[in-house]
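None of the values given here were measured: they were computed from a predicted structure.
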Amino acid sequence: MEHKNCPYQIVSSKSHQIGRIHVVQDRFLIDGKEYPFTYVINKDSVCIVPVYQNRIVLIHQYRHTLDEWRLEFPAGAMEEEESSRKAAERELLEETGFLAKEWFYMGRYDTNEGVACAKCDMYFARCDRKEQPACDKTEQIQTKLVTRQEMEELIERNEFKSLIGLAGWMQAIRRKLV
């Protein structure tokens with residue numbers, strides 16, 4: 001990764017690919033002293049706030065990193081040369097089986113800028129039909145439909161914890177889409 005705006009002198013950089021994770025270890029020179037800095041390069045992703053028949057479509061997904069089942073919006077990484085809109089359509093179908101007739105782009109967000117450099121494009125989708133989902137074998141996902149009131153209660157009780165999902169929900173409300 002090229003750092004055109006970096007205020008530090010980078011004296012060394014090592015890159016490590018470990019499975020699906022790409023880790024970079026840089027060393028900065030500041031006032032004659034070296035400082036380490038490690039970060040992750042992730043693929044850019046998409047997150048979708050979908051609605052079907054006036055109900056919000058959530059997924060209940062097992063997250064191995066947390067050893068917990070989590071309520072989230074459908075989301076996932078963009079493939080090579082894939083537009084974010086196509087990725088959003090693919091992820092919505094794969095994870096929920098829903099197809100949307102209306103799409104609204106709601107902006108680009110940093111996912112965890114302190115340790116990773118990935119961006120997430122946020123969409124709202126008004127779904128009109130359902131097919132069979134086609135999740136990856138490593139994804140354990142169940143679809144859940146909730147009312148707007150139930151969604152607000154999930155957030156209030158801290159049962160919906162996804163920060164990128166909360167940003168999407170806020171944008172959907174602000175734009176009067178839900």
Walk me through it: do Arg148 and Ile173 pass the test side chain to side chain contact (heavy atoms under 4.5 Å, CB included)?
CA-CA 10 Å; Arg148 179 178 171 164; Ile173 288 173; 3.8 Å; yes
Please lay out, stage by stage, how Arg63 and Glu68 fare under the test side chain to side chain contact (heavy atoms under 4.5 Å, CB included).
CA-CA 6 Å; Arg63 290 296 186 182; Glu68 290 181 11; 5.6 Å; no
Leu145/Gln53 under side chain to side chain contact (heavy atoms under 4.5 Å, CB included): CA gap, chis, key distance, verdict
CA-CA 10 Å; Leu145 300 175; Gln53 297 178 344; over 6 Å; no
Quick one: do Met151 and Ile155 satisfy side chain to side chain contact (heavy atoms under 4.5 Å, CB included)? Show the steps, please.
CA-CA 6 Å; Met151 182 66 189; Ile155 293 168; 4.0 Å; yes
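By the rule that hydrophobic residues join a cluster once side-chain heavy atoms approach within less than 4.5 Å of another member, Leu71 and Leu92 end up as members of separate clusters. Linking ILVMFWY residues whenever their side-chain heavy atoms come closer than 4.5 Å, directly or via other members, places Val146 and Val51 in the same cluster. Under the 4.5 Å side-chain heavy-atom criterion for ILVMFWY residues, no single connected hydrophobic cluster contains both Met170 and Ile48. Two different hydrophobic clusters hold Val49 and Phe98 under the rule that ILVMFWY side chains link at heavy-atom gaps under 4.5 Å. Linking ILVMFWY side-chain heavy atoms closer than 4.5 Å, directly or via other members, places Met122 and Phe104 in a single hydrophobic cluster.
Within 6.0 Å of atom CD in Glu156, 12 or fewer heavy atoms from other residues, nucleotides or ligands are found, so the atom counts as exposed in its surroundings. Around CZ of Phe37, the count of heavy atoms belonging to other residues, nucleotides or ligands within 6.0 Å exceeds 12.
Of all the heavy atoms in Gly165 and Phe160, the pair that sits closest is C-CE2, 3.8 Å. Scanning all heavy atoms of the two residues, the minimum distance from Arg27 to Pro36 falls at NH1-CB, 3.4 Å. Taking both residues in full, the closest heavy atoms of Ser45 and Thr111 are given as OG-CG2, 4.4 Å, listed atom of the first, atom of the second, then distance. Considering all non-hydrogen atoms of both residues, Pro74 and Val57 come closest at CD-O, 4.0 Å. Nearest approach of Ala75 to Glu91, heavy atoms of both residues: O-OE1, 3.2 Å.
Relative ring orientation between His3 and Tyr39 is described as perpendicular, the plane-to-plane angle rising above 60° on a 0-90° scale split at 30° and 60°.
Cluster partners of Trp69, by chain and number: Tyr62. The rule joins Ile, Leu, Val, Met, Phe, Trp and Tyr whenever side-chain heavy atoms lie under 4.5 Å apart. Hydrophobic side-chain contacts under 4.5 Å tie Val115 to no other Ile, Leu, Val, Met, Phe, Trp or Tyr residue. Through direct or relayed side-chain contacts under 4.5 Å between Ile, Leu, Val, Met, Phe, Trp and Tyr, Ile141 connects to Ile59. Residues Val11 make up the rest of the hydrophobic cluster containing Leu29, defined by ILVMFWY side-chain heavy atoms closer than 4.5 Å, directly or through other members.
Contacts classified as side-chain hydrogen bond (donor to acceptor under 3.5 Å, both in side chains) and involving residues 169-178 (residues at least two apart or in different chains) are given here: Tyr109-Gln171, Glu152-Trp169, Gln171-Arg174, Gln171-Arg175. Among residue pairs with one or both ends in residues 35-45, those qualifying as salt bridge (Lys or Arg N to Asp or Glu O under 4.0 Å) are Lys43-Glu79; sequence neighbours excluded.
With contacts defined as side-chain heavy-atom distances shorter than 4.5 Å, the pair Thr147/Arg55 qualifies. A heavy-atom distance below 4.5 Å is found between the side chains of Asp110 and Lys119. Residues Ser15 and His22 form a side-chain contact, since some pair of their non-hydrogen atoms from C-beta on lies under 4.5 Å apart.
Listed by chain and number, the residues in a side-chain hydrogen bond (donor to acceptor under 3.5 Å, both in side chains) with Ser12 amount to none (sequence neighbours excluded). In terms of the ring-ring contact (aromatic ring centres under 6.0 Å, His included) criterion, Tyr35 has no residue partners (sequence neighbours excluded). For Ser83, there are no side-chain hydrogen bond (donor to acceptor under 3.5 Å, both in side chains) partners at least two apart in sequence or on another chain. In this structure, the side-chain hydrogen bond (donor to acceptor under 3.5 Å, both in side chains) partners of Ser84, at least two apart in sequence or on a different chain, are Asp121, Tyr123. Every residue two or more places apart in sequence or in another chain that forms a side-chain hydrogen bond (donor to acceptor under 3.5 Å, both in side chains) with Ser13 is listed here: Asp26. Shown here are the side chain to side chain contact (heavy atoms under 4.5 Å, CB included) partners of Arg157, two or more places apart in sequence or in another chain: Glu153, Leu154, Glu159.
To the nearest 0.5 Å, atom CD of residue Glu95 and atom CG of residue Leu93 are 10.5 Å apart. The CD1 atom of Ile164 lies 4.0 Å from the SG atom of Cys120; values are rounded to the nearest 0.5 Å. Taking CE of Met78 as the start and CZ of Arg85 as the end, the distance is 14.0 Å to the nearest 0.5 Å. Rounding to the nearest 0.5 Å gives a distance of 6.5 Å between NZ of Lys130 and CD of Gln132. If you take CG on Leu163 and NZ on Lys161, they are separated by 11.0 Å, rounding to the nearest 0.5 Å. How far OG1 of Thr96 is from NZ of Lys144: 15.5 Å, rounded to the nearest 0.5 Å.
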